[in-house]
Amino acid sequence: MKFLKIILTGILAGAAWAALAFYGGLSGWWLDAMAEEGDTRGFMDAAVAMVDKTSTGSVAFVLIDSGKVFDAHYRGSDRDIDGDTLFASASLSKWPAAYGVMLLVQEGKVDLDAPVSTYLTRWQLPESEFDNDGVTVGRLLSHTAGLTDGLGWGDYQADETLPTVEESLTDPRDSDGADVQIAVGRKPGSEWDYSGGGYLILELLVEEVSGQAFADYMQQAVFDPLGMARSTYAYLAEQDNIAGSYQRSGEPAPLYRYASNSATGLSTTTNDMVRFALAQLDENAPLKPDKVALMREPQGYETGFAIWGTGPMLHSPNGEGDFIFGHDGANDPSINASVRVNPSTGDAIVALSTGPAYMASRIAYQ
């Protein structure tokens, strides 16, 4: 159901080569180039053509060349779309949340190597056969804490009451309807295992350490300083200038609410995510360059390949001893978001979509 969960299933389903082929295919390793290297206009034109082949839903994307916006394209089948149009972002939410946690690390209020339990009073992980003290803040950020929930957070209808953070941690609603527990299922630090539950624990951490509601902390610490004027965890249906929600067929779909702001609840715009992407390259941004660089140091591996840092996905080596990094998100009915940044060149792309299947990620992988 979710893009990242699909990657995980593919990686773990077969032998090492099959997994590598699957992940590599999603990562664009086998794709034919849409334009010659260095032909920014050619790439933009090809990506626009890809989007315009479909008349369903809403799509917005921005191409950044050498740290500056090169061009943008917006398409809506039944509404006007622009750089300030709000889209649901699904698991892309985790990257700004990780940025918010790293600000607390930078301030000396959180230690990446400390057990997360030392910061929590309102909820604790269930006892396990493993040492729960191995569930550190850094491992939660990188999906290496030994949690085996595999959660994609389930939808809530507009008229449902959202559970508290503690209620969701105790009895989470999985998007696949599975009976899931947020608990330690393997030795912390031993493997990479995608965990939506881990990011709800981090949401609780932020609230306990900052003394603020998570949404309020993110507004004050991340969105306001970066000029992300429209990003919000409020119910998308109650906002103006929204992308809507569509099935892959193009039929309108409901707008849902989510019980985990940090893991899947962010609504954002291309303008805001451009600001966030460029902040990864800005030495004067709230999170300093050494901490941004720390976030993309490899922590999670599959078949020997580095795939995750302390928050962001590591999409591929960039040939300069670093990684093209960012995050994707996807959920039903058809939500997709993708951001990629090359720290060596300042090139980046931001893409948000609802309707056409995985359109944002397809553009970004190209």
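Atoms considered below: every heavy atom in the structure, side chains included; atoms not considered: hydrogens, waters and symmetry mates.
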Validation row: Tyr365, Ser338 side chains within 4.5 angstrom (heavy atoms): no
Min side-chain heavy-atom separation Trp123-Leu204 under 4.5 Å: yes
Any residue meeting side-chain hydrogen bond (donor to acceptor under 3.5 Å, both in side chains) with [X], in chain and number order, not counting sequence neighbours:
| X | answer |
| --- | --- |
| Thr161 | none |
| Asp84 | Asn271 |
| Gln212 | none |
| Ser117 | none |

Contact list for residues 106-127, test salt bridge (Lys or Arg N to Asp or Glu O under 4.0 Å), sequence neighbours left out: Glu107-Lys109, Arg122-Glu166, Arg122-Glu207
Pairwise salt bridge (Lys or Arg N to Asp or Glu O under 4.0 Å) hits with a residue in residues 279-301, at least two apart: Arg296-Asp322
Residues that, via side-chain heavy atoms closer than 4.5 angstrom, fall in one hydrophobic cluster with Tyr246: none
Can you give me the closest heavy-atom contact between [X] and [Y], atom names plus distance?
| X | Y | result |
| --- | --- | --- |
| Leu151 | Pro172 | CD1-CB, 3.7 Å |
| Leu147 | Gly198 | CD1-CA, 3.6 Å |
| Val222 | Leu103 | CG2-CD1, 3.8 Å |
| Ser142 | Gly309 | CB-O, 3.1 Å |
| Ser128 | Val184 | CB-O, 3.5 Å |
| Gln299 | Thr144 | O-CG2, 3.7 Å |

Gln239 vs Ser267, side chain to side chain contact (heavy atoms under 4.5 Å, CB included): CA-CA, chis, key distance, verdict: CA-CA 10 Å; Gln239 311 306 304; Ser267 295; over 6 Å; no
With a 4.5 Å cut-off on side-chain heavy-atom distances among I, L, V, M, F, W and Y, is there a chain of contacts connecting [X] to [Y]?
| X | Y | result |
| --- | --- | --- |
| Leu112 | Val206 | yes |
| Ile335 | Ile81 | no |
| Ile324 | Val274 | no |
| Leu92 | Met228 | yes |

Got a donor-acceptor contact below 3.5 angstrom from the [X] side chain to the [Y] backbone?
| X | Y | result |
| --- | --- | --- |
| Gln280 | Pro343 | no |
| Asp176 | Ala178 | no |
| Trp95 | Ala98 | no |
| Tyr217 | Gly100 | yes |
| Asn336 | Ser361 | yes |
| Ser58 | Ala243 | yes |
| Tyr74 | Phe61 | no |
| Ser175 | Gly152 | yes |
| Tyr199 | Leu141 | yes |

Any pair counted as side-chain hydrogen bond (donor to acceptor under 3.5 Å, both in side chains), so long as it reaches residues 224-235, sequence neighbours left out: Gln219-Asp224, Arg230-Asp240, Ser231-Thr268, Ser231-Asp272
Residues in side chain to side chain contact (heavy atoms under 4.5 Å, CB included) contact with Arg75, at least two apart in sequence or another chain: Val51, Asp52, Ser55, His73
Partners passing side chain to side chain contact (heavy atoms under 4.5 Å, CB included) against Ala35 (at least two apart in sequence or in another chain): Asp39, Phe43
Residue from Leu205, Val209, Thr310 passing side chain to side chain contact (heavy atoms under 4.5 Å, CB included) with Val137: Leu205
Please determine, by modelled atom types, if [X] and [Y] share a side-chain donor-acceptor pair under 3.5 angstrom.
| X | Y | answer |
| --- | --- | --- |
| Asn342 | Asp347 | no |
| Lys94 | Tyr194 | yes |
| Ser344 | Glu320 | no |
| Tyr258 | Ser93 | no |

Tyr301 vs Ile307, side chain to side chain contact (heavy atoms under 4.5 Å, CB included): CA-CA, chis, key distance, verdict: CA-CA 5 Å; Tyr301 294 83; Ile307 62 169; 5.8 Å; no
Nearest-0.5 Å distance, [atom1] of residue [X] to [atom2] of residue [Y]:
| X | Y | atom1 | atom2 | result |
| --- | --- | --- | --- | --- |
| His143 | Trp192 | NE2 | CH2 | 7.0 Å |
| Thr345 | Leu281 | OG1 | CG | 8.5 Å |
| Phe87 | Ser245 | CZ | OG | 11.0 Å |
| Glu208 | Leu104 | CD | CG | 12.5 Å |
| Ser91 | Asn331 | OG | CG | 7.0 Å |
| Ile201 | Ser168 | CD1 | OG | 12.0 Å |

Near-ring test His315/Trp308, centroid separation under 6.0 angstrom: no
Test ring-ring contact (aromatic ring centres under 6.0 Å, His included) applied to Tyr256 - qualifying residues, sequence neighbours left out: none
Residues Phe276, Met273; criterion side chain to side chain contact (heavy atoms under 4.5 Å, CB included); working and verdict: CA-CA 5 Å; Phe276 184 76; Met273 288 313 298; 3.6 Å; yes
Would you give me the side-chain donor-acceptor pairs under 3.5 Å for residues 63-72, sequence neighbours excluded?
residue	atom	partner	partner atom	Å
Asp71	OD2	Arg41	NH1	3.1
Asp71	OD2	Arg41	NH2	3.0

NZ/NE/NH1/NH2 to OD/OE distance under 4.0 Å, Arg173 and Glu160: yes
Ionic contact status for Asp328 with Arg340, cut-off 4.0 Å: yes
Pair Phe223-Leu266, side chain to side chain contact (heavy atoms under 4.5 Å, CB included): steps then yes or no: CA-CA 11 Å; Phe223 302 155; Leu266 179 67; 3.7 Å; yes
Distance under 6.0 Å and angle within 45° of ring axis: Arg248 vs Tyr358: yes
